[in-house]
Amino acid sequence: MQRVDNIAGLTLGELAEQLSFKTPQDLLREKGWVGQLVEAALGASAGSKPIPDFEYIGVELKTLPISYHGKPLETTYVSVVPLTQLTGLTWYNSTVKKKLSHVLWLPILAERDIPVVERVIGQGFLWQPSPVQEQQIRRDWEEQIELIATGNVDQISGHLGEVMQIRPKAANAKALTDAIGPNGKCIQTLPRGFYLKTNFTQSILAQEFSA
DNA sequence: TTGTGATCATTA
DNA sequence: TAATGATCACAA
């Protein structure tokens with residue numbers, strides 16, 4: 001958290017310079033650049049391993065792009081959605097519960113008209129879901145996992161879910177993976193991810209900064 | 001191919 | 001203009 005406090009208020013350009021990162025003109029081709037930068041700054045065990053960013057303390061790091069008014073500009077990716085081998089899968093052993101059990105949120109003032117180099121790092125904070133918040137996420141998870149388990153993955157769209165939705169998460173629309181189809185047969189479908197809706201992350205920010 | 005980091009950009 | 005569906009880079 002000392003590191004978090006130390007980078008609060010810095011622009012992405014300033015932090016990039018400190019770490020010898022080259023700031024891109026835009027994020028068109030480097031959508032994960034900001035996340036990689038703050039991982040390096042905060043000492044997260046980088047890489048694409050399926051473990052928490054800070055594996056020894058079980059904390060997940062999430063940057064959160066916000067508008068001038070402090071509203072989240074994007075949904076927040078949580079994890080890949082399991083589409084097969086769902087037997088025995090419960091909320092309690094789900095990747096979503098694990099990932100969201102402890103999160104370090106790092107707001108970034110990232111309005112689209114601000115050049116990447118001038119975007120400002122906000123005050124990061126640790127968060128754990130309240131009982132109510134966990135119930136909201138759990139309901140969305142169980143409802144949508146049920147659809148997948150019963151072979152109705154293709155009926156899922158981003159409209160579902162009160163606070164967490166399922167959307168494509170793939171290299172492109174041609175990427176396919178195995179899933180359960182009607183009649184229990186194996187079908188090919190787009191890989192999906194769980195995303196926290198902006199209304200939910202906004203409430204987390206409100207909870208943190210209103211107090 | 002799947003998982004990590006996400007944002008882009010068209011649609012509703 | 002917000003939200004959904006599409007997409008980008010890199011590592012293992």
Side-chain angles (χ1 to χ4, degrees), chain A residues 12 15-16 19 21-55 58-86 94-96 98-100 103-117 119 121-122 124 140 144 148 153-179 186 188-203:
Chain A
L12 294 180
L15 183 58
L19 301 176
F21 275 55
K22 187 184 176 187
T23 309
Q25 283 299 305
D26 55 62
L27 300 177
L28 270 173
R29 306 195 70 80
E30 295 177 68
K31 300 183 180 185
W33 184 82
V34 178
Q36 311 270 308
L37 178 68
V38 301
E39 277 182 354
L42 299 179
S45 32
S48 58
K49 293 180 287 188
I51 58 173
D53 295 302
F54 302 99
E55 59 178 303
V59 170
E60 178 74 14
L61 172 63
K62 291 288 179 199
T63 60
L64 185 60
I66 58 172
S67 71
Y68 291 119
H69 305 294
K71 276 195 59 174
L73 290 167
E74 297 288 347
T75 55
T76 300
Y77 172 67
V78 179
S79 71
V80 167
V81 178
L83 299 177
T84 58
Q85 295 167 3
L86 281 67
S94 69
T95 57
V96 171
K98 288 194 182 76
K99 290 259 183 151
L100 297 183
V103 178
L104 170 57
W105 292 102
L106 190 60
I108 310 283
L109 177 57
E111 198 77 64
R112 293 283 276 271
D113 62 11
I114 306 176
V116 176
V117 69
R119 295 182 183 178
I121 298 167
D140 288 343
Q144 294 175 94
I148 293 167
V153 63
D154 285 333
Q155 291 178 28
I156 293 178
S157 77
H159 299 89
L160 294 178
E162 177 190 357
V163 299
M164 186 175 71
Q165 63 186 171
I166 288 179
R167 303 214 310 277
K169 166 68 165 149
N172 56 57
K174 291 173 186 163
L176 294 175
T177 191
D178 292 343
C186 183
Q188 294 295 111
T189 192
L190 226 47
R192 318 294 171 98
F194 285 111
Y195 296 81
L196 294 177
K197 294 187 170 188
T198 54
N199 60 0
F200 186 72
T201 49
Q202 180 167 21
S203 73

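Within every chain, numbering begins at 1; the chains are lettered A, B, ... in the order of the sequence lines, protein sequences first and strands thereafter. Source: prediction; values computed, not measured.
- Between the CH2 atom of A:W105 and the P atom of B:dG5 there is a distance of 12 Å, given to the nearest Å.
- Annotation for A:Q188: atom CD counts as buried by contact number, over 12 foreign heavy atoms lying within 6.0 Å.
- Each of A:P168 and A:P191 lies near DNA chain B, and the nucleotide nearest A:P191 is the one positioned closer to the 5' end.
- One can place NZ of A:K98 at 12 Å from P of B:dT4, the figure rounded to the nearest angstrom.
- The pair A:D113-A:R119 does not meet the salt-bridge criterion, since no charged nitrogen lies less than 4.0 angstrom from a carboxylate oxygen.
- Taking only side-chain nitrogens and oxygens, A:S79 never comes nearer than 4.0 Å to OP1 or OP2 of B:dG3.
- The side chain of A:Q36 places no N or O atom within less than 4.0 Å of a non-bridging phosphate oxygen (OP1 or OP2) of C:dC10.
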Can you pull every protein N or O that's under 3.5 Å from an N or O on nucleotides 7-11 of chain B?
{"residue": "B:dT7", "atom": "O2", "partner": "A:K31", "partner atom": "NZ", "Å": "3.1"}
{"residue": "B:dC8", "atom": "OP2", "partner": "A:R112", "partner atom": "NE", "Å": "3.2"}
{"residue": "B:dC8", "atom": "OP2", "partner": "A:R112", "partner atom": "NH1", "Å": "3.1"}
{"residue": "B:dC8", "atom": "O4'", "partner": "A:K31", "partner atom": "NZ", "Å": "3.2"}
{"residue": "B:dC8", "atom": "N4", "partner": "A:E74", "partner atom": "OE1", "Å": "3.0"}

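- Considering only heavy atoms from C-beta on, A:T201 comes within 4.5 Å of A:W105 through its side chain.
- Contact record, A:P168 with A:Y195: O-OH, 3.1 Å, taken as the closest heavy-atom pair.
- For the pair A:L37/A:T23, no side-chain contact is recorded, criterion being any heavy-atom separation below 4.5 Å from C-beta on.
- A sub-4.0 Å separation between OP1 or OP2 of C:dC8 and a side-chain N or O of A:R29 is absent.
- Distance A:F54 CZ to B:dT4 P: 16 Å, rounded to the nearest Å.
- C:dC10 atom C1' lies 12 Å from atom CD of A:E39, rounded to whole Å.
- In this structure, A:Y68 and A:E111 approach most closely via the heavy-atom pair N-OE1, 2.9 Å.
- The separation between A:D154 atom CG and C:dT4 atom C1' is 16 Å, rounded to whole Å.
- Rounded to whole angstrom, the span from the CG atom of A:L73 across to the P atom of C:dT4 amounts to 15 Å.
- Side-chain contact between A:V153 and A:L83: present, with at least one pair of heavy atoms (C-beta onward) separated by less than 4.5 Å.
- Under 3.5 Å, the side chain of A:K169 and the base of B:dG5 form at least one donor-acceptor pair of N or O atoms.
- Counting any heavy atom pair closer than 4.0 Å across all strands shown, A:A175 reaches no nucleic acid atom.
- If you take CG of A:L12 and P of B:dA6, they are 12 Å apart, rounded to a whole angstrom.
- Residue A:L160 is the one, among A:A173 and A:L160, whose nearest nucleotide of DNA chain C lies closer to the 5' end (criterion: closest heavy atom).
- Following rounding to the nearest Å, A:N199 (CG) and C:dA3 (C1') show an atom-to-atom distance of 11 Å.
- Here the shortest heavy-atom pairing between A:L190 and A:L176 reads N-CD2, 4.0 Å.
- Here the closest non-hydrogen pair linking A:V116 and A:D26 is CG2-CA, 3.9 Å.
- In the helix from B:dT1-C:dA12 to B:dA12-C:dT1, the end axes, each obtained as the rotation axis mapping the C1' atoms of four pairs onto the next four within a five-pair block, lie 30° apart to the nearest 10 degrees.
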